[in-house]
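Computed from a predicted structure; not experimentally measured.
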Amino acid sequence: MQFRPLHDRVLVRRIEAEEKTAGGIIIPDTAKEKPQEGEVVAVGEGTRDDDGDRIPLDVKAGDRILFGKWSGTEVKVDGEELIIMKESDILGILA
């Protein structure tokens with residue numbers, strides 16, 4: 001199934017966090033928080049301004065992003081858990 005977000009929405013796949021801290025402590029699954037880092041899977045075409053011209057999004061498929069803890073809506077597409085969020089929920093692009 002193909003999925004294309006509408007307008008200024010972005011489809012994101014979470015990137016799993018490390019299971020070990022820098023000091024070597026292993027974090028159990030019950031103590032882990034959901035990662036706030038992800039990879040953009042698909043983007044919408046953008047919103048329209050007052051003149052009807054399309055404003056493209058700043059992110060593109062393949063970008064690694066950082067987003068807020070409570071951002072977006074979790075959905076299941078082809079058995080994979082993804083997040084749909086507005087571009088404004090994205091905090092930044094990781095280089």
Give me the atom names and distance for the closest heavy-atom approach of [X] to [Y].
X: I90; Y: M85; answer: CG1-SD, 3.9 Å
X: L11; Y: P5; answer: N-CG, 3.9 Å
X: A61; Y: V41; answer: CB-O, 3.5 Å
X: I83; Y: S71; answer: CG2-O, 3.9 Å

| Verify same cluster id: V10, I93 (apolar side-chain graph, 4.5 Å) |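 Linked, V10 and I93 end up in one cluster.
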What distance do [X] atom [atom1] and [Y] atom [atom2] have between them, rounded to the nearest 0.5 Å?
X: I15; Y: E39; atom1: CD1; atom2: CD; answer: 6.0 Å
X: E74; Y: E81; atom1: CD; atom2: CD; answer: 6.0 Å
X: I65; Y: D89; atom1: CD1; atom2: CG; answer: 9.5 Å

| query | For K60, what residues pass the side-chain hydrogen bond (donor to acceptor under 3.5 Å, both in side chains) criterion, not counting sequence neighbours? | reply |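 Once residues adjacent in sequence are excluded, the partners of K60 under the side-chain hydrogen bond (donor to acceptor under 3.5 Å, both in side chains) criterion are D63.
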| task | Mind checking side-chain contact (heavy atoms from CB on, under 4.5 Å) for I55 and listing every partner two or more places apart, or none if nothing turns up? | result |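 Partners of I55 under the side-chain contact (heavy atoms from CB on, under 4.5 Å) test: T47, D49.
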| Does R64 have any salt bridge (Lys or Arg N to Asp or Glu O under 4.0 Å) partners at least two apart in sequence or in another chain, and if so, which? |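 With sequence neighbours excluded, R64 shows a salt bridge (Lys or Arg N to Asp or Glu O under 4.0 Å) to E37, given in chain and number order.
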| field | Residues which pass salt bridge (Lys or Arg N to Asp or Glu O under 4.0 Å) with E45, listed by chain and number, not counting sequence neighbours | value |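 Scan of E45 (salt bridge (Lys or Arg N to Asp or Glu O under 4.0 Å), adjacent residues dropped) gives R4, R54.
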| task | Check I84, L82, D78 against F3 for a side-chain contact (heavy atoms from CB on, under 4.5 Å) and give me the one that passes. | result |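 Testing F3 for a side-chain contact (heavy atoms from CB on, under 4.5 Å) against I84, L82, D78 leaves exactly one candidate, I84.
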